[in-house]
Structure formats: C-alpha cells, structure tokens
Amino acid sequence: MFNKVLIANRGEIALRIHRACREMGIKTVAIHSTADVDAMHVRMADESICVGPASATNSYLSIPNIISACEISGAEAIHPGYGFLSENARFVQVVEDHDITFIGPSAEHIQLMGDKITAKDTMKNLGVPCVPGSDGGVPTLEDAIRIGDEIGFPLIVKATAGGGGRGMKLAKTREDLETAFQTARSESKAAFGNDEVYLERYLQKPRHIEIQVFGDGKGNAVHFGERDCSLQRRHQKVLEEAPSPAMDHETRARIGQICADAVARIGYSGAGTIEFLYEDGEFYFIEMNTRLQVEHPVTEAVYGVDLVMEQLRVAAGLPMTVTQEDLVPNGHAIECRINAEKLPNFQPSPGKVNTYYAPGGLGVRMDSALYDGYSIPPHYDSLIGKLIVHGKDRNMAIARLDRALSELIVDGIETTTPLFHALLEEPDIQRGDYNIHWLEKWLDKNT
Ligand code: ADP
C-alpha cells in the first residue's frame with residue numbers, strides 16, 4: 001500500500017479521500033490555491049502545498065504545479081476526486097511518465113470514454129444497449145436533416161466532447177434542427193475546443209439510472225447496483241437515491257451483469273459509472289464516467305463498502321475486498337446536494353458562514369468541508385455539502401432525510417436546503433414517481 005497520497009482536489013471530496021487514507025494509515029498531501037489557505041481539507045491533511053492563485057486554471061488544473069507538489073512531498077500516488085483533472089487523459093499520462101500512480105483507470109480508458117461517440121460505439125460492441133441515433137459524428141446540416149428524418153423527432157443534438165449538460169440541444173421538430181445543430185456545435189467548440197456533434201432520439205419520460213461498476217484492472221469486475229439520479233435541473237443532478245424506486249432485483253442483476261462484463265472485457269481498473277436512460281423497461285446507454293461520482297455515498301450506504309478504499313487498493317495492485325456474491329443491497333439511501341445558491345433562481349451565494357451545524361444521528365452522513373466562520377470562495381463550484389441518509393426502507397430514508405434537513409444550519413449564506421424540504425412534501429416524490437423532466441416542470445410551476 002502507498003505511504004503517501006496527494007489529493008488533487010478541494011472541498012468535501014478532498015476530505016472524503018483524506019478520511020479513507022487516514023483509516024488505512026496512508027499520509028495525505030493536500031493541494032490548495034491561495035483562496036483556499038483556510039480550507040478544511042488543508043487543515044486535515046498531513047501536509048499541504050499551495051499550487052497557485054485562486055483561478056482553478058492556474059492551480060487545481062495546473063498539471064506542472066501538481067506534479068511538482070507530488071515530487072516535493074514524495075507522494076507516490078494521486079487521487080483526483082471528481083471534476084478538475086479526474087477525467088483528463090493527458091494528466092494521467094504525465095502522472096505515469098513521472099512514475100507516480102494515478103488512482104483511477106488508465107489514460108487509454110479515460111480517452112475512450114471521454115469521447116462520447118467512441119464510448120457509445122465501444123459499449124454497443126460490448127453488448128450494452130444504447131439510445132438509437134446517428135452512427136458517429138454528423139459533419140453537416142444536410143447530414144443532420146437526412147439522419148434526423150431517419151431517427152424521427154424530437155431528437156437531441158449532442159457534443160461528442162460534452163459534459164456537465166453543455167453542448168446538448170433539443171430539436172422538437174425538423175424546423176428546429178438547424179438552430180439546435182449550429183448552437184450545439186458552437187457551444188461545444190467554445191467549451192471543449194471540439195465541434196463534433198451526433199444525434200440521438202430524445203426520450204420523453206425516462207429516468208436517469210446509472211450502474212456503479214468497479215474493475216480490478218486484471219479482467220475482473222463487479223457492479224454495485226444502480227443509483228437513480230432522475231431529479232435534475234438543467235441536466236445537473238440535484239438528489240440521488242439507491243436503489244431506484246423503479247427497479248426490481250432481477251432487472252438490477254441483469255443490467256448490472258451486462259455492465260460488469262463490459263468493463264471486465266476491456267480490463268478496466270477502478271471505479272466507473274455507466275449511465276443510462278430508462279424508459280418503458282428498456283435501458284439506453286448515454287455515457288460512462290471514469291471516476292468516483294459525487295453521488296457515490298448512496299451506493300456506499302446501501303452496500304456497506306468504502307469505494308475510496310477499494311480505489312486505493314486496486315491502484316496499489318491489491319485485490320478488491322468484495323466479490324459479486326458479497327454485494328447484496330441493504331435498505332435505502334438518499335443524497336441531497338446542498339449548494340450555496342439563492343432560490344428561486346439558483347444564483348451562487350458564496351460568502352461567510354457564521355454558524356454551521358451538521359445533522360447527525362443514526363443513518364445520517366454529512367460530507368462537507370464547512371465550519372463556523374469559513375468563507376466560501378466565489379471561484380469554484382457551489383456544492384458545499386452532501387447530506388446522505390440511510391434507512392431500512394425508502395419510507396424510513398425519507399423520514400430521516402426530513403429530520404436531518406431540519407437539523408442542518410448554514411447561517412450567513414443562502415443554500416438550496418429549502419428546495420429539499422419542499423420536494424419531500426410532494427406526493428410524486430414520496431411515491432418515487434418522477435422522471436428526468438419532473439423537477440424542471442415543478443420548478444416552473446412553483447417558483
Ligand atoms: P453530460 O455529459 O453533459 O452530463 P449526458 O449525456 O450524461 O450529458 O446527459 C445528461 C442528461 O441529459 C441526462 O441525464 C438526461 O437528463 C438528458 N439526456 C441526455 N440524452 C438524452 C436523450 N437522448 N433523451 C432525453 N434526455 C437526454
């Protein structure tokens with residue numbers, strides 16, 4: 001096992017990784033920007049190194065600075081967390097060229113899945129069901145119209161390099177296609193430096209269901225069932241739960257096995273998530289994320305496994321601690337993403353937190369790097385905490401979530417906590433009867 005790991009991230013996820021390292025007797029090195037000198041991940045780590053100014057481009061995304069921090073501190077491995085450099089194949093290559101271990105899959109697998117067209121092609125060949133759409137990139141508007149007529153409308157124009165909901169445009173009819181095609185291309189060019197797009201049938205009322213997979217890099221893989229992330233705003237997840245209210249054990253075992261087999265066949269190493277839209281009993285692959293996800297704690301709660309520890313083990317060449325037979329889901333877990341944002345418009349609301357009180361008690365986990373008097377810098381993501389509850393069934397989890405939300409105090413800034421209180425009052429949410437469009441429609445009606 002490693003002696004020292006550098007955590008190339010900040011906020012709650014940096015703390016999350018530190019906790020797993022600490023329990024395994026591994027020393028940690030925090031990196032931080034000048035805006036994060038007082039951050040909790042810096043305080044908790046065994047060592048810390050400043051890697052640049054507030055702007056993420058010159059600090060958390062600076063490959064040379066992070067490699068230097070590794071060399072100065074003598075860290076043998078880097079955990080990237082999520083976001084920042086976690087899915088950057090070039091970074092992984094540079095890390096490996098410096099004889100440092102990247103805690104995650106190979107550069108080759110990140111690249112394969114980072115391009116959505118190649119990812120879809122690969123998955124299709126591995127027997128994973130995909131959304132009907134164009135075979136590969138669509139270079140011109142004329143091609144788009146011809147293929148669009150074949151797929152049928154509504155359809156969605158997607159950037160092959162896309163992520164975070166960007167570079168995705170809906171064309172309800174043939175007449176909308178020109179605008180959708182041109183905007184998706186220019187948005188993608190601006191955000192990702194690549195204007196290649198493809199077409200997919202637009203599903204009208206699917207759920208977003210994703211399968212957590214884990215490969216040992218030696219041709220073995222397991223799955224940890226699904227997470228339901230259908231509650232979304234602007235294609236961004238807001239609340240996640242496991243298991244999905246729409247899934248039975250047989251379906252879970254079937255799709256889970258397809259996913260585990262697919263990643264085993266490519267020799268995948270570490271944690272990954274295969275995302276699907278699920279409609280009328282059918283799964284449609286949309287993309288694979290080659291990292292630990294924000295919502296991984298709901299899976300940890302239900303399966304009783306520390307996914308970060310498994311990542312550390314596999315990266316160090318050790319076997320996983322579990323086999324597929326060991327992985328039996330237990331109870332129900334729900335996660336709320338608490339953002340520093342002002343409702344109803346979700347404007348960022350950084351600033352000083354006067355009082356912070358984290359809910360506790362049985363079945364409650366609060367992953368956050370907040371503390372009394374902490375000033376949330378305006379330069380980064382607005383996620384300030386994840387509240388995760390676990391109960392013996394879904395009703396218990398909901399009751400516990402309601403109770404835990406009522407205990408949470410983040411005084412001094414605006415947060416999205418009231419949204420979750422309101423959502424828990426909704427019969428559809430109580431019944432688990434919602435799809436990916438439910439929240440947008442509810443927000444239109446209620447704000
Ligand atoms: P990103 O990488 O930008 O997050 P994804 O491909 O994962 O993009 O899609 C994000 C979300 O967009 C999905 O969870 C879903 O809500 C919506 N979406 C994507 N593809 C389709 C589709 N073919 N039909 C309907 N909605 C879609």
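As a basis for the values below, the full set of heavy atoms in this structure was taken, side chains included, without hydrogen atoms, waters or symmetry mates. In what follows, residues are counted from 1 in the order of the sequence shown. First listed ligand is number 1; within each ligand, the first listed atom is number 1.
Under the salt bridge (charged side-chain N to carboxylate O under 4.0 Å, His left out) criterion, the residue pairs touching residues 154-174 are Asp149-Arg174, Lys158-Glu200, Lys169-Glu187, with sequence neighbours excluded.
Under 4.0 Å is where a charged nitrogen must lie from a carboxylate oxygen, and between Arg337 and Glu240 at least one such pair does. We find that Lys237 and Glu210 are joined by a salt bridge, their nearest charged nitrogen and carboxylate oxygen being less than 4.0 Å apart.
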Pick out the protein N or O atoms lying less than 3.5 Å from any N or O of ligand 1, and list each pair with its distance.
residue: ligand 1; atom: 2 (O); partner: Lys116; partner atom: NZ; Å: 2.9
residue: ligand 1; atom: 2 (O); partner: Glu287; partner atom: OE1; Å: 3.2
residue: ligand 1; atom: 2 (O); partner: Glu287; partner atom: OE2; Å: 2.9
residue: ligand 1; atom: 3 (O); partner: Gly164; partner atom: N; Å: 3.1
residue: ligand 1; atom: 3 (O); partner: Gly165; partner atom: N; Å: 2.5
residue: ligand 1; atom: 6 (O); partner: Lys116; partner atom: NZ; Å: 3.1
residue: ligand 1; atom: 6 (O); partner: Lys158; partner atom: NZ; Å: 3.1
residue: ligand 1; atom: 7 (O); partner: Glu275; partner atom: OE1; Å: 3.2
residue: ligand 1; atom: 7 (O); partner: Glu287; partner atom: OE2; Å: 2.7
residue: ligand 1; atom: 8 (O); partner: Lys116; partner atom: NZ; Å: 3.1
residue: ligand 1; atom: 12 (O); partner: His235; partner atom: ND1; Å: 3.0
residue: ligand 1; atom: 14 (O); partner: His208; partner atom: ND1; Å: 2.8
residue: ligand 1; atom: 14 (O); partner: Gln232; partner atom: OE1; Å: 3.4
residue: ligand 1; atom: 14 (O); partner: Gln232; partner atom: NE2; Å: 2.9
residue: ligand 1; atom: 16 (O); partner: Gln232; partner atom: OE1; Å: 2.8
residue: ligand 1; atom: 20 (N); partner: Lys158; partner atom: NZ; Å: 2.9
residue: ligand 1; atom: 23 (N); partner: Glu200; partner atom: OE1; Å: 3.1
residue: ligand 1; atom: 23 (N); partner: Arg201; partner atom: O; Å: 2.9
residue: ligand 1; atom: 24 (N); partner: Leu203; partner atom: N; Å: 2.9

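Under the 30°/60° scheme for interplanar angles, the aromatic rings of Phe91 and Phe102 are found to stand perpendicular. Ring orientation note: the planes of Phe276 and Phe285 are nearly perpendicular, at an angle over 60° on the 30°/60° scale.
No donor-acceptor pair closer than 3.5 Å links the side chain of Ser382 to the backbone N or O of Pro348.
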